[in-house]
Asker: 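I'd like to ask you about the structure that follows.
Counting convention: from 1, in listed order, for ligands and their atoms alike.
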Amino acid sequence: MIMKQQHFSVTGLHAFRDNYIWAIHSPTSSQVALVDPGDAEVCLAYLKQHKLTLAAILITHHHLDHVGGIEPLLAFCQQQQLPCPVYGPAHSNIAHISVALTNAQQILLFEQIPFNIIEVPGHTLDHIVYVNDQALFCGDTLFSGGCGRLFEGSPSQMHQALNMIKALPGTTNIYCAHEYTASNLQFALTIEPENQALIQYNQQVHALREQGIATIPSTVDLERKINPFLRCNQRDVIQQVEQLCQIKLSAEHEVFAALRTLKDNF
Ligand SMILES: [Zn+2]
């Protein structure tokens with residue numbers, strides 16, 4: 001018998017300037033898992049305030065703003081003699097990973113919520129994402145209206161990763177690690193000034209940010225409509241990129257690469 005995946009709630013903890021540390025709540029207990037806890041103090045305050053037990057840490061890639069809190073959080077769990085597995089990429093040198101993950105593996109959070117692991121080299125070479133029917137935890141691979149910078153991987157690797165995300169069910173919630181939406185949309189509007197969905201979303205995002213409200217999670221469906229990096233096959237996007245770069249582009253991954261370079265210089 002296939003059991004339907006239980007719905008779980010997710011809370012965003014604010015860290016540093018614009019990071020989100022995602023807390024995944026067990027549907028049946030006071031356990032939580034933290035995704036990319038770069039700042040331990042923020043996490044410990046949250047756990048204490050809500051009387052939650054840290055049951056797992058999920059890491060997407062090696063950057064310090066994602067892994068910096070692992071050690072103090074593990075020390076905290078050890079004091080209380082609570083086990084806390086640290087999931088993370090196998091092809092990495094992150095300290096304290098206890099469950100090293102590679103492509104197509106599955107983990108079972110709180111012994112009831114499955115997540116599939118997909119390797120998405122691009123932003124970094126070790127980057128992985130955690131995905132199931134309800135949610136995608138994508139670290140710095142995709143942002144709402146944009147995507148991560150290419151620090152280690154190639155444009156075609158990143159393009160492949162984004163195409164994988166684009167092919168997920170439209171209702172999948174996207175939990176990325178930064179609130180970059182407003183500035184990403186400024187750039188997106190230079191690529192598709194007449195995209196009505198983008199214009200509308202931009203207004204919505206402005207209203208939310210004025211009130212200090214998070215624009216994340218996004219959804220796959222929304223990103224397909226407004227994120228230029230998921231729209232490298234659209235005629236309007238190709239034409240605009242060609243015009244701005246003064247080059248003729250043939251393959252979709254070339255459009256992506258040119259678009260990423262435009263964004264880097266925006
Ligand atoms: Zn990063």
Side-chain angles (χ1 to χ4, degrees), residues 10 12-24 33-43 57-73 86-97 100-103 115 117-131 135-166 173-185 187 214-218 223 227-230 256-257 259-266:
V10 179
L13 314 184
H14 296 269
F16 308 115
R17 218 169 81 102
D18 47 32
N19 283 64
Y20 290 121
I21 298 168
W22 299 108
I24 305 171
L34 294 170
V35 183
D36 288 347
D39 183 339
E41 275 183 39
V42 167
C43 299
I57 293 173
L58 277 60
I59 299 295
T60 61
H61 68 293
H62 69 82
H63 284 160
L64 192 61
D65 61 325
H66 297 251
V67 303
I70 299 175
E71 202 168 297
L73 286 171
V86 181
Y87 298 96
H91 304 127
S92 190
N93 55 2
I94 302 165
H96 307 297
I97 298 281
L101 301 168
T102 56
N103 210 31
F115 275 100
I117 310 307
I118 305 175
E119 290 179 3
V120 288
H123 175 68
T124 61
L125 287 175
D126 66 348
H127 208 304
I128 60 171
V129 299
Y130 300 82
V131 63
L136 166 72
F137 293 92
C138 62
D140 290 352
T141 295
L142 181 97
F143 298 117
S144 185
C147 73
R149 276 177 190 269
L150 299 173
F151 286 115
E152 297 172 11
S154 69
S156 63
Q157 282 178 315
M158 187 62 139
H159 179 238
Q160 208 179 333
L162 297 181
N163 274 347
M164 179 281 296
I165 292 174
K166 189 173 152 180
N173 291 297
I174 300 178
Y175 295 90
C176 56
H178 291 273
E179 178 66 60
Y180 288 158
T181 316
S183 67
N184 283 340
L185 295 187
F187 172 73
T215 65
I216 312 298
S218 181
E223 294 305 314
N227 191 325
F229 294 96
L230 298 187
F256 172 79
L259 190 61
R260 186 59 254 181
T261 305
L262 285 171
K263 177 68 164 63
D264 289 341
N265 300 312
F266 183 65

Asker: Got a sec, which residues hit ring pair (Phe, Tyr, Trp, His ring centres under 6.0 Å) with H14, two or more places apart in sequence or on another chain?
Answerer: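 Here the qualifying residues are Y20.
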Asker: Check whether any side-chain heavy atom of I21 sits under 4.5 Å from a side-chain heavy atom of C43, and report yes or no.
Answerer: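 I21 reaches C43 side chain to side chain.
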Asker: Which heavy-atom pair separates I118 from N103 by the least distance, and what is that distance?
Answerer: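 Looking at all heavy atoms of both residues, the shortest contact is CA-OD1, 3.3 Å.
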Asker: For the Zn ion (ligand 1), which protein N/O/S atoms are closer than 2.8 Å?
Answerer: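 Per the 2.8 Å query on the Zn ion (ligand 1), atoms found are H61 NE2, H63 ND1, H123 NE2, D140 OD2.
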Asker: Can you find a side-chain donor-acceptor pair between T102 and E119 that sits under 3.5 Å?
Answerer: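 Per modelled atom types, T102 and E119 side chains form no pair under 3.5 Å.
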Asker: How about E152 and H62: does a side-chain donor come under 3.5 Å of a side-chain acceptor?
Answerer: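 Note: E152 and H62 side chains meet the donor-acceptor criterion.
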Asker: If you count heavy atoms of other groups shown closer than 6.0 angstrom to CD of Q160, is the number above 12?
Answerer: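 Atom CD in Q160 is not packed in, count stays at 12 or less.
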